[in-house]
Structure formats: structure tokens, C-alpha cells
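First the proteins, then the strands, lettered A, B, ... as listed; each starts at 1.
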Number of protein chains: 2
Amino acid sequence: MRADARKNYDHLLAVARDVVTEQGADASLRDVARRAGVGLGTLYRHFPTREALLEALLRASFDELTARAGGLETSGSSDDALVSWLREAVAVARNYRGVVAAMVAAIADPDSALHASCVKMRAAGTRLLARAQAEGMARTDIDGADLFALIGALAWLGDQPSLAPRADHLFGVIASAILTNRGSSDVRRERRPPARR
Amino acid sequence: MRADARKNYDHLLAVARDVVTEQGADASLRDVARRAGVGLGTLYRHFPTREALLEALLRASFDELTARAGGLETSGSSDDALVSWLREAVAVARNYRGVVAAMVAAIADPDSALHASCVKMRAAGTRLLARAQAEGMARTDIDGADLFALIGALAWLGDQPSLAPRADHLFGVIASAILTNRGSSDVRRERRPPARR
DNA sequence: ACCTGAACACCGTTCAAGT
DNA sequence: ACCTGAACACCGTTCAAGT
């Protein structure tokens, strides 16, 4: 990439981060170009679709999430591993308001710039779920696609101002539905040992 | 209302039903007016906001839902009543694509034309939940606002083409999380007596 | 009372023209 | 190779002018 192009690319991405943080995933691309002091065509040249821009904004988070899944796969308790990763996955999907809609649309569209990241994410979740299921810690009537859908639902919840206050609590409720033999309060506490009576 | 105005109102509503069915809750209002063969200002006169239009489209469904809750409040089993109503509430929120976002926004905005309907809906759910909780059939760490949020999340799930196939199954999963001492397969089967072994 | 549609300020996307 | 910005086809919303 030519030096001036590289500079434009980096600057656009930095500006986009601000604008998408402010306005959400369907931020005005015109506004991004304007604030970056760049022609509208330049933005489209570097990011041919909105998804391409979002993918660039989220790449690092997705990579961290995948790495995290790898670490958790060999951790002590398969149920805690699943729940911890689930929480982080929801956090990634909430990185920018409205991005979760793009993610769930991308998982069914191989042409989307977000497709690969989302498939990888779903696969990572599926592995952690399968391990928990094999150890009898998670219900066996759900699969990776269900898990991905629940991540989406929880991220969506958190994106709605009127529902966001319940998001953490409902994470516990839903996590408790996934796990076997565990109350939601245990989920919230990440299974700290109960106080002695 | 003058006769010509009444006619416009009714026709606009009928056309809007088609357009919103096709395009979802953020359908083009211009398109509605155009297809109704009416000036754009006429649409705005009758429905000053998008929410007012959606409210008119959904009123009948909301009324049915409220009536249904009344009937279920005195039904035999409080848990089945809750789950049945929950299923219908999700169906109402899925009546038109994208309408669930307007509903969750409206619940926090007293000025929204959809506010009253949503508050009524939440109240109806709260009563059914409270009864089930009093009888020990539902977990006691959730309230009406949580229930409303879960309805929203399930309706949103069903609105996403890539997740919709899981919507029914995940309804069962989440319903099982709300109820005490009941598996999700029982929820799906509405507690038909188990086959004799 | 009610209706119309132009006017305004925005979009996303494309692409000829420039450097 | 890369950048620019006008052009096009859309929006939502308002409001002066008409009947």
C-alpha cells in the first residue's frame, strides 16, 4: 500500500472508531469521511462495505476472543469455562451498539466481511459447549448455533437502553438454563464456594 | 372526523399494513403515502409519528393479549398460564419485523404512542408471573421487567433470518429457566402427561 | 378541516475526472 | 495508484398554499 493510502486507512479507522462508538453500527459513513477530512470515495475504496469497516474495528476483539477460548478449553472446570467465555462473547458483540445485528446477518452470508469472524466465534463456543456437555455440566439439547443465538439475544438486550439494566441479571438467568444443576446465583458468583453455615 | 378524512385514515392503515409487513417497522412512510395515493402530509396528519402508525397497526393484537391474560389469570395451572401467555406475547412482538425495537424503546418513553400498550402488556405479564411465583412454579429472582426483556429478546431472535429457526427451541430453553422444577421438553409439550413406561 | 407537494437537510453508492 | 466530489436516487419532516 502506498504511504498516503496507508495514512488515510489508519486515520479513517481511528475516526470510524469514534463515530461508530457515538452513533452505533449504522453510523453515517459520510460523517466518517467528513470528519476524517477525506473524500467519500476514499472511504469506499478502503472499506467497500459497512461490514468491512466493522470487521476492521472488531478484528482485535475477535482475535482475543478466539485466543481466550483456546485457553479455557483446558481449564479446570468446563462449566465455568463456558460461562466465562459466554460473558466475553457477549461483551464483544456489545463493543459497538447495533453491531450484533450485523453479526447475526453475517453468519448466514459467506460474502460478508464479518462472516469468517462470526463463524470462528461460533465454533469456539461450540467446542466449549461440547466439553461441558460431555462432562454433564451443560444441557445436551442445545448446540453451537443456539449458543450463538443466545449471545446475540443477550447483546441485543444490552444495547436497548430500557433493557440494559437487566442485561447482567438475565445473563445469569440464561446461563443457568444452559448449565445443569446450578442456580443462577451461582452463575453470577462464578461458583465461589458457598459461605459456611 | 370528516368523511373524506375517515376514508383516508382507513385506507392509509390498510396500505401501511401491507408495506410494514413487507418492509418491517422502519418501512418508508413515503412509500405508504405513495401507494395509498395520498399526499405525504396527509399521512403525517393522521399519524404524526411512526409509533402512532405502529400503534394503530398493533392495537387489536395488544387488546387480545390483554384479554387473554385476564382469562389465564384464573386458569388451573399458573405455570402453563404464564408460558402460554409468554408465547403469545412473543408472537405479538413478532407481528411485524422490527416492531420489538419500537416496543422496548416505547416502554421507557411516556410520550411514545406505543407506551401505554407496552406498559399494559408488561403489567399483564407481571400478574401472571407473580401468581406462578406465589405458587412456587416460577423462580422468584425475576420480575415483570425481566419478563418483558425476555419477550423482547425472543422476538428479536425470531426476527433475525439466521436465528429464526432456533427461536421456538430457545423459547423452550428460556421458559424452562423461568419455571421451577421443569425441563424444557415439558415446556415445549405444554406439560402433556408423559407417556406411560 | 383537510389535503397537497415542494422544500430542506440528510442518507448510501457510484464513477468520471483529476493528481 | 490513489483521491475527490458531483450526481443519482432515495429518506424523514415541515409547512405554505390550496380546496
Exercise for review: For the pair A:Y44 and A:L29, evaluate side chain to side chain contact (heavy atoms under 4.5 Å, CB included) and give the outcome as yes or no after the intermediate values.
Suggested key: CA-CA 9 Å; A:Y44 275 94; A:L29 298 182; 3.8 Å; yes
Review point. B:D31 and B:R34: salt bridge (charged side-chain N to carboxylate O under 4.0 Å, His left out), yes or no, with the steps?
Key: CA-CA 5 Å; B:D31 207 21; B:R34 206 155 34 208; 3.4 Å; yes
Practice item. With the side chain counted from C-beta on, respond yes when B:I178 and B:V83 share a heavy-atom pair under 4.5 Å apart, and no when they do not. Key: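 When only atoms from C-beta onward are counted, B:V83 and B:I178 do not touch, as no gap falls below 4.5 Å.
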**Study point:** Paired nucleotide for C:dA9 [Watson-Crick or G-U wobble; both distances under 3.5 Å]
**Key:**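 Looking at the geometry, C:dA9 pairs with no nucleotide.
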**Study point:** For C:dC3, the Watson-Crick or wobble partner whose two distances fall under 3.5 Å
**Key:**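 The base-pairing partner of C:dC3, which may sit in any strand shown, does not exist here.
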Protein-nucleotide distance ([X], atom [atom1]; [N], atom [atom2]), rounded to Å:
X: B:R6; N: C:dA1; atom1: CZ; atom2: P; result: 17 Å
X: A:H11; N: D:dC2; atom1: NE2; atom2: C1'; result: 18 Å
X: B:D4; N: C:dA1; atom1: CG; atom2: C1'; result: 8 Å
X: B:L43; N: C:dC3; atom1: CG; atom2: P; result: 11 Å

Check your understanding: So B:Y9 and B:H46, would you call those rings parallel, tilted or perpendicular, with 30° and 60° as cut-offs?
Key ->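 Perpendicular: the ring planes of B:Y9 and B:H46 meet at over 60°.
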**Study point:** Distance, nearest 0.5 Å, that separates CG of A:L57 from CD of A:E51
**Key:**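 Those atoms lie 12.0 Å apart.
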Check your understanding: By a strict heavy-atom criterion of less than 4.0 Å, which residues belonging to residues 108-115 of chain A are in contact with DNA chain C?
Key ->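 Under 4.0 Å from DNA chain C: no residue of residues 108-115 of chain A.
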Exercise for review: Produce a footprint string for nucleotides 7-19 of chain C: one letter per nucleotide, 5' end first; B if the base is under 4.0 Å from any protein heavy atom, S if only the sugar-phosphate is, - if neither.
Suggested key: B---BBBBB----
Exercise for review: Looking only at side-chain atoms of B:H46, point me to the closest of C:dT4, D:dT4, C:dC3.
Suggested key: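 When the side chain of B:H46 is considered, C:dC3 is the closest of C:dT4, D:dT4, C:dC3.
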Review point. Does B:N8 have a side-chain nitrogen or oxygen under 4.0 Å from the phosphate oxygens OP1 or OP2 of C:dC3?
Key: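 So the side chain of B:N8 is within the cut-off, an N or O lying under 4.0 Å from OP1 or OP2 of C:dC3.
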Exercise for review: Can you spot which of A:Q133, A:E135, A:E73 makes a side-chain hydrogen bond (donor to acceptor under 3.5 Å, both in side chains) with A:S78?
Suggested key: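 Testing each of A:Q133, A:E135, A:E73 against A:S78, the sole residue satisfying side-chain hydrogen bond (donor to acceptor under 3.5 Å, both in side chains) is A:E135.
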Check your understanding: Under 3.5 Å, side chain of A:S112 to main-chain N/O of A:D109, donor-acceptor pair present?
Key ->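 Judged by distance alone, no pair lies under 3.5 Å.
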Check your understanding: Quick one: does A:R166's side chain have a donor or acceptor within less than 3.5 Å of a partner on B:L147's backbone?
Key ->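 Side chain of A:R166 to backbone of B:L147: no pair is present.
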Review point. Can you check side chain to side chain contact (heavy atoms under 4.5 Å, CB included) on A:R59 and A:S117, steps first, answer last?
Key: CA-CA 8 Å; A:R59 191 164 358 205; A:S117 299; 5.9 Å; no
